[in-house]
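Order of the sequence lines fixes the chain letters, A, B, ..., with proteins taken first and strands second; residue numbering starts at 1 for each chain.
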Amino acid sequence: MAKSRFSVVFFGTPELAVPFLHEFAAHPRFDVKAVVTQPDRPAGRKHLLTPPPVKIAAEELRLIVHQTASLKKNQALQKILEGYQVDLCIAVAIGLLLPLSVLKIPRAGTINMHPSLLPKFRGPSPVQSAILADEKITGISVMLLDEGMDTGPILKQMRLPIGEKDTTESLYAQIQHHGPRLLSETALGYLENAFKPTPQDDSLATQTFLLKKTDGKIDWRQDAASIARMVRAFVPWPGAYFEWQDQKIDILQAEFSEKRPKPPGYIFENAGHVFVATGKGSLKLKVVKPSGKKAMSIDEFVRGRPGFVGSSLS
RNA sequence: CGCGGGGUGGAGCAAUUGGAAGCUCGUCAGGCUCAUAACCUGAAGGUUGCCGGUUCGAGUCCGGCCCCCGCAA
């Protein structure tokens, strides 16, 4: 009665999605018929055409790869996908809109992993937004896609605590560690009717937005606790930064401190540590990265820059 | 031909118009101290990324190459 193997098509693009693809490719109950990802794009300093990470992984696994910049407009690809006659589609950070015409192709619909506890933090920057919002818990949601942006019914969720030192980078690692199995088990359970989709409560929904590089510029009039969260949320990208002597300097690690003996933006030293005063409290700098340089401890940074301590940041 | 920053002892940075390669830190040795990430004295450690050129003389100027990093995508 129960099928022993389910055929699927995998949709994904960035590094985050790669462990999920591996999970399904290696899983005895799933048969990955094809992988859909975004086109190669010019990247890097020489603008070399670079394939997305999922494509590289898929080719290593000898899977069929389809690339497209838009599923909505690509009728030919839709026909091909229909031809696979799969049970389910899996979408992990595809970065493309999946139109209804595509969602309807697989017999059982399309299942998706979203790194937040939906309905909170819908949209493209859920992890960063959760840190910025000072959430203590976030998570991974496995849901069915519908036409809306992360609005589909939920099948299963896993909670992940956000520690004092967690960053977007460290939480992504957690998601890559726990997510693949959660997704494959949930997909299997769903296909075998063990899970019932639960609609989201739209009244509790919050929306996140795509981050821009300039969102990382620090405003020292804000309070130090928020700035410290910003540093954690923006690692590794877009990076929280300030400018000093026409040089852009990313803060990779910093801590919040209550004391604030000086006006916002003033850089001072206390007990061997370097602080920047803010609108409320101050920020203890720990690891920074001047553009064009490698990451270094604040001690090293200050050593070669006499005059940094004692100056003011705007 | 996308734009830009940078390679100088182990680390971070200097070096005016080409004219003895220095500073801060670390390391090692010794000293002082009840003690210390403190302080004092001394020492080691460089083919200034690589190759070639100009010059009496190149870290510095010219040409080529390698490597690191940011922007942009």
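- In this structure, the CG atom of A:D246 is 13 Å from the P atom of B:G6, given to the nearest Å.
- Across the protein-nucleic acid pair, A:R303 atom CZ and B:A11 atom P stand 12 Å apart, rounded to whole Å.
- When the P atom of B:A72 is taken as reference, atom CG of A:L210 falls 12 Å away, rounded to whole Å.
- Residue A:R45 places none of its side-chain N or O atoms closer than 4.0 Å to OP1 or OP2 of B:A72.
- Put simply, CD on A:Q247 is 14 Å from C1' on B:C71, counting in whole angstrom units.
- Both distances falling under 3.5 Å, in either a Watson-Crick or a G-U wobble arrangement, occur for no nucleotide opposite B:G57.
- Across the protein-nucleic acid pair, A:R41 atom CZ and B:A73 atom P stand 12 Å apart, rounded to whole Å.
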Checklist entry - Where do A:Q200 and A:R122 land on the side-chain hydrogen bond (donor to acceptor under 3.5 Å, both in side chains) test, with the steps shown first? => result CA-CA 11 Å; A:Q200 294 187 31; A:R122 290 173 175 173; 2.8 Å; yes
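- Base pairing annotation: B:G45 forms no Watson-Crick or G-U wobble pair, as no partner gives both donor-acceptor distances under 3.5 Å.
- At the phosphate of B:G12, neither OP1 nor OP2 sits under 4.0 Å from any side-chain N or O atom of A:K294.
- Across all strands shown, the partner of B:C3 is B:G70, judged by Watson-Crick or G-U wobble contacts whose two distances both fall under 3.5 Å.
- OP1 or OP2 of B:C71 lies within a sub-4.0 Å distance of a side-chain N or O belonging to A:K213.
- In a base pair of the Watson-Crick type (N1 to N3 plus N6-O4 or O6-N4) or a G-U wobble (N1-O2 and O6-N3), with each distance short of 3.5 Å, B:G12 is matched with B:C23.
- Between the CG atom of A:D299 and the P atom of B:G10 there is a distance of 20 Å, given to the nearest Å.
- The side chain of A:R305 contributes an N or O atom lying less than 4.0 Å from OP1 or OP2 of B:C13.
- Closest heavy-atom contact between A:P115 and A:I175: CB-CD1, 3.5 Å.
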